[in-house]
Protein chains: 2
Amino acid sequence: MAANVLVVEDEPAILELIAVNLEQAGFHVLRASEAETALRLIGEALPDLVLIDWMLPGLSGIELVRRLRREERTRALPLILLTARGAEVDKVLGLEAGADDYVTKPFSPRELVARIRAVLRRRRPEVGEEVLEAGGLKLDPAARRVLAEGRVVALGPTEFRLLHFLMVHPERVHSRSQLLDRVWGDHVFVEERTVDVHVRRLRAALEPYGMAGLIQTVRGAGYRFSVQTAQEA
Amino acid sequence: MAANVLVVEDEPAILELIAVNLEQAGFHVLRASEAETALRLIGEALPDLVLIDWMLPGLSGIELVRRLRREERTRALPLILLTARGAEVDKVLGLEAGADDYVTKPFSPRELVARIRAVLRRRRPEVGEEVLEAGGLKLDPAARRVLAEGRVVALGPTEFRLLHFLMVHPERVHSRSQLLDRVWGDHVFVEERTVDVHVRRLRAALEPYGMAGLIQTVRGAGYRFSVQTAQEA
DNA sequence: CGAAACGGTGACGGTTTCGTGACATTTTCG
DNA sequence: CGAAAATGTCACGAAACCGTCACCGTTTCG
């Protein structure tokens, strides 16, 4: 496989120890001793996975995780946190910030490699997320980006999820409650009319590109994403 | 109820644990330890619901979901994903791939059963969703759309339900009161003549496509949907 | 033949549904 | 902390939709 792994660790001895072990396991290793360097390296060549020490000079590890999760380009990047032993709080914080796994120090090289492989394996189906294309629209789930005729459409998180869901199930009417269940989540309670408002926002965002008609209202039933124009003489 | 549930899980211990619990809850359980077996079993005897582990050897769980959603025969099959992490990402991915719900491991047996029941309940009204085709007309219940020779016909909600009912029971006369019961609902009270008006509106909507004759009046009895050309002798 | 029954048709008022703009609140981010 | 973005809710108005009725031509049958 020969995956690229970036290791971010400020203690030189530990950094080398990890790097050597990973290289021996067949990974290609990049090194960074602080968050800033890590960000630069990630920007230059997107690695397949990043191993981040919790405690870093300057930007802390968890802060780095947050930063990476915010950027669209690095949102799906597999991250593993290195934390001191027994720090239960850290684990929770780390996972909540968006890390995929954590490894407590001290760790055995074998365990570390196993975790890395597991995360890479787990991520695989996510990376293979299909790009959806219909009616001049292109939606890339991995990049969390929508293109209309090649131009980027600015969408809020909810609008994106809504469009995503509609494009996964096109040519099919979804009631407001179905949309609430599947786009908002069945545990959330919001007014059904809220769907209308987000549909409107989504249409407004698509309208400059002339593709507002893709989202159709079916009176008394719900909404539908459809390539078929409803026109007839 | 005695619904058939197929459990797809590669870990034998967990598979048995789930199976036993479901059987105790009154379900009939089919077992599969990898996606390929699952596909074969589904092909042989369509279960009422499939429980799929997210991580499977070979074809992954989410890939299996996609596969099932593509096939016409299994499109409406209720699916529940078992995911290891509580991560929001997995949930969204799973649901968008077409799963109906997800359950995170570890889970309580009671929760699992509750979820299964909920999904089965939710899916129930989705029977009778097959596309109807007759006399150049195509009615798609899921899309809530009617095509006449491939062109979209604009119908109001009641007109749509009326046409749907007539097409489900073609070549058969329905009295006004029967139509009121089945299309409007037996609890509603409206004049019988109202049916006439809606039939007229439906005919008017179909007329531009030259298919108004599909809905025939049977004097003294009611209305009938028929592909047989009305012969006048 | 003529009255009664029946169904087609156009119109009208009331109701429901949906789009839209505005607003307050929460969340995000620098 | 303060600005900006996102979100949920509401009120208003327009449009779609619905049920009813009156009127009229057609059919039925004594």
Side-chain angles (χ1 to χ4, degrees), chain A residues 35-36 39 58-60 62-72 74-75 96-98 144 146 153-163 173-177 179-181 183-185 187-207 212-224 230, chain B residues 88 144 153-163 173-177 179-180 183-185 187-207 212-213 215-224 230 232-233:
Chain A
E36 287 73 15
L39 282 172
L59 220 58
S60 79
I62 197 164
E63 192 51 45
L64 178 57
V65 171
R66 283 217 186 86
R67 192 97 147 229
L68 290 173
R69 281 295 177 253
R70 272 208 291 276
E71 292 286 328
E72 295 201 345
T74 57
R75 182 157 297 168
E96 275 178 355
R144 217 169 187 85
V146 174
V153 182
L155 292 181
T158 305
E159 287 141 37
F160 183 88
R161 288 201 312 275
L162 177 59
L163 179 60
V173 175
H174 306 278
S175 72
R176 288 170 176 73
S177 69
L179 290 173
L180 283 179
D181 272 5
V183 176
W184 274 256
H187 52 288
V188 192
F189 177 70
V190 286
E191 293 290 324
E192 290 204 342
R193 290 302 305 279
T194 300
V195 176
D196 297 33
V197 178
H198 280 275
V199 165
R200 179 184 162 276
R201 286 170 182 159
L202 183 50
R203 281 172 176 161
L206 294 175
E207 191 264 316
L214 289 173
I215 294 151
Q216 305 169 354
T217 304
V218 181
R219 181 166 270 260
Y223 294 96
R224 169 178 56 202
Chain B
E88 200 63 21
R144 236 189 186 74
V153 182
L155 293 180
T158 305
E159 288 145 47
F160 183 88
R161 288 201 312 275
L162 177 59
L163 179 60
V173 179
H174 305 279
S175 72
R176 289 171 177 72
S177 70
L179 289 173
L180 282 179
V183 178
W184 273 256
H187 52 288
V188 200
F189 175 69
V190 286
E191 294 291 324
E192 290 206 341
R193 290 302 307 277
T194 301
V195 177
D196 297 34
V197 178
H198 279 276
V199 166
R200 181 192 158 272
R201 285 169 182 160
L202 183 51
R203 281 172 175 161
L206 294 175
E207 192 264 316
I215 293 151
Q216 304 166 356
T217 305
V218 181
R219 192 179 176 87
Y223 296 95
R224 168 178 57 201
E232 59 282 303

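In what follows, chains are A, B, ... by sequence order, proteins preceding strands, each numbered from 1.
With distances taken from any side-chain atom of A:Tyr223 to the nucleotides D:dT9, C:dG19, C:dT9, the minimum falls on C:dG19. Of the candidate nucleotides D:dC18, D:dT9, D:dT20, D:dC18 has the atom nearest to the side chain of B:Glu159. For B:Thr217, taking side-chain heavy atoms from C-beta onward, the closest of the listed nucleotides D:dG19, D:dC10, C:dG7 is C:dG7. With D:dG8, C:dG19, D:dC18 as the candidates, the nucleotide lying closest to the side chain of A:Val190 is D:dG8. Taking the side chain of B:Asp196 as heavy atoms from C-beta on, and the options C:dG8, D:dT20, D:dG19, the nearest nucleotide is C:dG8. Considering only side-chain atoms of A:Arg219, the nucleotide from C:dG19, C:dT16, C:dG10 that sits closest is C:dT16.
For B:Leu155 and D:dA16, the CG to P distance is 15 Å, given to the nearest whole Å. Rounding to whole angstrom units, CD of residue B:Glu192 and C1' of D:dC18 are separated by 17 Å. Atom CD of A:Gln216 and atom P of C:dG19 are 12 Å apart (whole Å). Distance CZ (A:Arg161) to C1' (D:dG8): 13 Å, rounded to an integer number of Å. Counting to the nearest Å, the C1' atom of C:dT17 and the CZ atom of B:Arg144 are 14 Å from each other. For the pair A:Arg176 CZ and C:dG19 C1', the computed distance is 11 Å after rounding to whole Å. Note: CD1 (B:Ile215) to C1' (C:dG8) measures 14 Å, nearest angstrom. Rounded to an integer number of Å, the gap from B:His174 NE2 to C:dG7 P is 16 Å.
Once rounded to the nearest 0.5 Å, the distance linking CD of A:Glu191 with OG1 of A:Thr194 reads 6.0 Å. To the nearest 0.5 Å, atom CG of residue A:Leu179 and atom CH2 of residue A:Trp184 are 7.0 Å apart.
If you check every strand for non-hydrogen atoms under 4.0 Å, B:Val197 touches a base. Within the nucleic acid shown, A:Val218 comes within 4.0 Å of sugar-phosphate atoms alone, with no base atom in reach, counting heavy atoms only.
Side-chain N/O atoms of B:Arg201 and base N/O atoms of D:dG19 include a donor-acceptor pair closer than 3.5 Å. Put simply, the side chain of B:Arg193 and the base of C:dG8 share a donor and an acceptor less than 3.5 Å apart.
OP1 or OP2 of C:dG10 lies within a sub-4.0 Å distance of a side-chain N or O belonging to B:Arg200. One finds no side-chain N or O of B:Trp184 lying less than 4.0 angstrom from the OP1 or OP2 phosphate oxygen of D:dC18. Taking 4.0 angstrom as the limit, B:Thr158 places none of its side-chain polar atoms (N or O) nearer than this to OP1 or OP2 of D:dC17.
No donor-acceptor pair closer than 3.5 Å links the side chain of B:Arg224 to the backbone N or O of B:Gln216. B:Arg203 places a side-chain N or O within 3.5 Å of a backbone atom of B:Ile215 that can act as its donor or acceptor partner.
Considering all non-hydrogen atoms of both residues, B:Val173 and B:Ala221 come closest at CG1-CB, 3.8 Å.
Between A:Tyr223 and A:His198, the closest side-chain pair of non-hydrogen atoms is not below 4.5 Å.
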